[in-house]
Amino acid sequence: MKRFLIMASLGLVFLLIVIGFLLYTSVLGPATLNREPVEIYIPTGSEVEDVADSLMSNHVLGEANTFLKVAMFKDYPPKVRSGHYLIPPRSSVNRLVNMFRAGLQDPVNMTIHQAQTVEEVAGKAARSVEPDSASILSALTKEEFLAEHSIRRDLLNAYLIPNTYEVWWNSTAEEIAERFMEEYHRFWNTDRLSKARELGLTPLEVTTLASIVESETAKWEEMPTVAGLYLNRVRRGWKLQSDPTVIYALKRKGLFEEGRRRVLYKDLEVDDPYNTYKFAGIPPGPIRVTHPKAIDAVLNSPRHNYMYMCADPSRPGFHNFAVNETQHAKNKALYTRWLRENQIFQ
């Protein structure tokens with residue numbers, strides 16, 4: 001009997017060891033199949049089965065039964081949290097459940113570059129987060145949001161700073177809108193506000209001038225020179241005479257045909273406050289969402305005597321600059337001849 005009890009005890013110990021080993025390997029031991037970190041997106045309103053399906057479809061787990069059992073044991077089903085999760089290699093099922101249950105998600109980069117309109121900003125933001133572009137646009141243009149931040153709807157493009165934002169993937173559209181405002185106030189720090197005051201301009205005027213600069217040249221290295229030219233015109237009370245402002249004015253009135261490559265003389269007469277051939281000074285607001293590099297080009301523009309600019313046909317994308325009308329006329333003649341030779345009439 002004593003020997004039987006000893007053997008039974010040893011058998012029980014062995015069984016417990018086997019059960020413990022199986023428990024460790026299936027629950028606490030490395031279980032994921034991925035050799036590199038894998039991104040998992042859990043949409044708002046998901047259930048635990050949806051999480052398991054995502055792990056399977058992304059080849060993180062070979063089977064879902066163990067995950068679902070551990071999830072039930074840890075009361076995860078009623079606490080499924082949406083978000084973007086980065087699954088490390090060799091993760092255990094227990095670690096996965098704990099991570100999802102606690103909502104330990106990883107942020108995403110929401111990149112906004114080269115956007116021209118508020119609608120484009122909303123569209124590009126939606127590529128990186130859960131809310132769609134319509135929801136983000138609605139949040140940005142709600143009367144309550146605009147009133148809270150003292151923003152006029154037609155000047156909203158002055159408050160959207162193209163940049164790479166670190167955000168939570170499951171942020172609401174309203175949280176995304178507020179994130180833009182945080183970036184705007186962070187961008188307009190003490191140093192930039194001081195430089196704007198030295199120029200005798202408000203942040204809105206600087207941004208508006210920068211939007212014209214960015215529309216005139218795609219060459220970052222040329223922007224400070226272009227900015228200095230327009231500042232010279234502002235100081236002397238001259239009209240800016242910028243073609244992109246005329247195009248913007250035509251678009252506001254529904255008079256611009258897509259595909260056009262030239263501004264015609266008749267276009268210069270359009271009666272709109274954004275037409276800088278007709279009205280002197282800086283327009284009421286930006287003609288596009290403005291890149292921070294263009295804003296800094298205005299704030300840090302060099303002093304020079306240039307008053308005129310004309311596209312340089314020998315260097316696509318660049319301009320020839322002039323200090324007087326005689327020099328400008330020569331540059332303009334070169335460009336006009338190039339247009340004729342290439343049969344660009346409109």
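All values below come from the heavy atoms of this structure, side chains included, with hydrogens, waters and symmetry mates left out.
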Participant: For the residue pair Val234 and Leu240, establish whether any side-chain heavy-atom pair is separated by less than 4.5 Å.
Facilitator: yes
Participant: For a 4.5 angstrom cut-off between non-hydrogen side-chain atoms, does Glu120 reach Pro162?
Facilitator: no
Participant: Would you say that Phe187 contacts Asn163 through its side chain, given a criterion of any heavy-atom pair below 4.5 Å between the two side chains?
Facilitator: no
Participant: Which pairs with one or both residues in residues 59-88 pass salt bridge (charged side-chain N to carboxylate O under 4.0 Å, His left out), sequence neighbours excluded?
Facilitator: Asp75-Lys79
Participant: Using distance only, find each side-chain donor-acceptor pair of residues 193-200 under 3.5 Å and give its atom names and separation, not counting sequence neighbours.
Facilitator:
from   : atom 1 : to     : atom 2 : distance (Å)
Lys195 : NZ     : Asn300 : OD1    : 2.6

Participant: Which residues, ordered by chain and number, are linked to Met307 in its hydrophobic cluster, where ILVMFWY side chains connect at heavy-atom gaps below 4.5 Å, directly or through other members?
Facilitator: Trp238, Tyr308
Participant: Side-chain donor-acceptor pair under 3.5 Å between Asn232 and Arg235, yes or no?
Facilitator: yes
Participant: Take atom CZ of Phe180 as the centre, draw a 6.0 Å sphere, and report whether it contains more than 12 heavy atoms from other residues, nucleotides or ligands.
Facilitator: yes
Participant: Has Thr290 got a side-chain atom pairing as donor or acceptor with Arg288's backbone, closer than 3.5 angstrom?
Facilitator: yes
Participant: Any side-chain heavy-atom pair from Arg90 and Arg95 closer than 4.5 angstrom?
Facilitator: no
Participant: Taking side chain to side chain contact (heavy atoms under 4.5 Å, CB included) as the test, write out the residues that go with Ser128, two or more places apart.
Facilitator: Met110
Participant: If you look at every heavy atom in Gln105 and Asn170, which pair is closest and at what distance?
Facilitator: NE2-OD1, 2.9 Å
Participant: Could you check whether any side-chain N or O of Thr44 sits under 3.5 Å from a backbone N or O of Ser82, counting only pairs where one atom can act as donor and the other as acceptor?
Facilitator: no
Participant: Between the side chain of Ser301 and the main-chain N/O of Val298, is any donor-acceptor distance below 3.5 Å?
Facilitator: yes
Participant: Any pair with a residue in residues 124-149 that passes salt bridge (charged side-chain N to carboxylate O under 4.0 Å, His left out), sequence neighbours left out, goes on the list, sorted by first then second residue, please.
Facilitator: Lys142-Glu174
Participant: Please confirm whether the backbone N or O of Leu86 pairs with a side-chain atom of Asp106, one donor and one acceptor, at under 3.5 Å?
Facilitator: yes
Participant: Listed by chain and number, what are the side chain to side chain contact (heavy atoms under 4.5 Å, CB included) partners of Arg337, not counting sequence neighbours?
Facilitator: Leu334, Arg340, Glu341
Participant: For His319, what residues pass the ring-ring contact (aromatic ring centres under 6.0 Å, His included) criterion, not counting sequence neighbours?
Facilitator: none
Participant: Does Ser211 reach the main-chain N or O of Thr208 with its side chain, forming a donor-acceptor pair under 3.5 Å?
Facilitator: yes
Participant: Would you confirm whether Ser91, through its side chain, and Leu96, through its main-chain N or O, come within 3.5 Å as a donor-acceptor pair?
Facilitator: no
Participant: Side-chain contact test, heavy atoms from C-beta onward, threshold under 4.5 Å: evaluate it for Lys330 versus Asn320 and give yes or no.
Facilitator: no
Participant: Between His149 (side chain) and Ile151 (backbone), is there a donor-acceptor pair under 3.5 Å?
Facilitator: no
Participant: Would you say Glu221 has more than 12 foreign heavy atoms packed within less than 6.0 Å of its CD?
Facilitator: yes
Participant: Determine whether a donor-acceptor pair (N or O, by modelled atom type, separation under 3.5 Å) exists between the side chain of Ser54 and the backbone of Asp50.
Facilitator: no
Participant: Sequence neighbours left out, what passes side chain to side chain contact (heavy atoms under 4.5 Å, CB included) with His59? Give chain and number order.
Facilitator: none
Participant: Side-chain contact test, heavy atoms from C-beta onward, threshold under 4.5 Å: evaluate it for Glu325 versus Lys332 and give yes or no.
Facilitator: no
Participant: So, using ring-ring contact (aromatic ring centres under 6.0 Å, His included) as the criterion, who are the partners of Phe279 when residues are at least two apart?
Facilitator: none
Participant: Is it the case that over 12 heavy atoms from other parts of the model lie below 6.0 angstrom from the NZ atom of Lys278?
Facilitator: yes
Participant: With no hydrogens and no angle check, is any side-chain donor or acceptor of Asp272 less than 3.5 Å from a backbone partner on Tyr274?
Facilitator: yes
Participant: Test your reading of the model: is there a side-chain donor-acceptor pair from Thr32 to the backbone of Asn34, 3.5 Å cut-off?
Facilitator: no
Participant: Going by atom type alone, with no hydrogens or angles, which donor-acceptor pairs under 3.5 Å involve a side-chain atom of residues 152-161 and a protein atom two or more places apart or on another chain?
Facilitator:
from   : atom 1 : to     : atom 2 : distance (Å)
Arg152 : NE     : Asp154 : OD1    : 3.1
Arg152 : NH2    : Asp154 : OD1    : 3.4
Arg152 : NH2    : Asp154 : OD2    : 2.6
Asn157 : ND2    : Pro286 : O      : 3.1

Participant: Which ILVMFWY residues are connected to Phe256, directly or by a chain of links, through side-chain heavy atoms under 4.5 Å apart?
Facilitator: Val246, Ile247, Leu250, Leu255, Val263, Tyr265, Leu268, Val270, Tyr277
Participant: Which residues satisfy the ring-ring contact (aromatic ring centres under 6.0 Å, His included) test with Phe100, sequence neighbours excluded?
Facilitator: Tyr85
